[in-house]
Amino acid sequence: QRHPYAQDIYWLIEVSKETLAKDLGEKSQTYARNGIPEYWIIDLVHKKLIVQTCPEAGKYQQRAEYTRGSISPLAFPKLKIALEQLLLF
């Protein structure tokens, strides 16, 4: 019945081909400022997943990059996602 509020979002994913700078800059700050706990950016150009967590003071305090293996989102730890499928190898 309404658009989701920030507190309704546990995990946000962007797919980036031409907008990586905006996704890592402006969008990252907006999501962190609003307390989105986990922000993933699928970087199709460099074939990697960028995971940002721990939003505090308008910035994500932790950032990791992945190219292989599998990963689970913080909100759904039993869900395993193979990076080879996610990154379209």
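Values reported hereafter were calculated over all heavy atoms of this structure, with side chains retained and with hydrogens, waters and symmetry mates removed. Here, residue 1 is the first one in the sequence, and each next residue gets the next number.
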- [ ] Please round to the nearest 0.5 Å and tell me the distance separating atom CG of Leu79 and atom OG of Ser70.
- [x] 10.0 Å
TODO: Please check if Leu49 and Leu74 belong to a single hydrophobic cluster, counting links between Ile, Leu, Val, Met, Phe, Trp and Tyr side chain heavy atoms closer than 4.5 Å.
DONE: no
- [ ] Could you pull out the closest heavy-atom pair between Ala32 and Pro55, with the gap in Å?
- [x] O-CB, 3.6 Å
- [ ] Could you identify which residues cluster with Leu12, counting Ile, Leu, Val, Met, Phe, Trp and Tyr as linked when any side-chain heavy atoms lie under 4.5 Å apart, either directly or through a chain of such contacts?
- [x] Ile9, Leu20, Leu24, Tyr31, Ile36, Tyr39, Ile41, Ile50, Tyr60
TODO: Would you give the length of the straight line joining atom NE2 of His3 to atom CG of Asp8, rounded to the nearest 0.5 angstrom?
DONE: 10.5 Å
- [ ] Indicate yes or no: at least one non-hydrogen side-chain atom of Pro73 is less than 4.5 angstrom from one of Trp40.
- [x] yes
Open item on the list: I need the minimum non-hydrogen distance between Leu44 and Lys17, along with the two atoms involved.
Closed with: CD1-CB, 4.4 Å
Open item on the list: Is it the case that over 12 heavy atoms from other parts of the model lie below 6.0 angstrom from the CD atom of Glu18?
Closed with: no
- [ ] Work out which heavy atom in Leu83 is nearest to a heavy atom in Arg68; give both atom names and the distance.
- [x] CD1-O, 3.0 Å
Open item on the list: Quick check against the 3.5 Å criterion: does Gln61 have a side-chain atom that pairs as donor or acceptor with the backbone of Glu56?
Closed with: yes
- [ ] Drop me the distance from Lys22's NZ to Glu26's CD, to the nearest 0.5 angstrom.
- [x] 5.0 Å
Open item on the list: Suppose we screen for side chain to side chain donor-acceptor pair (under 3.5 Å). Which residues come up paired with Lys80, at least two apart in sequence or across chains?
Closed with: Ser72
Task: Straight-line distance of Lys48 NZ to Asp43 CG, nearest 0.5 Å - done: 5.5 Å
Open item on the list: Nearest 0.5 angstrom please: Lys27 NZ to Gln52 CD, how far?
Closed with: 13.0 Å
Task: Atom pair SG/CD of Cys54 and Glu38 - distance to nearest 0.5 Å - done: 9.5 Å
- [ ] For residues Lys47 and Thr67, report the shortest heavy-atom separation together with the two atoms involved.
- [x] O-CG2, 3.7 Å
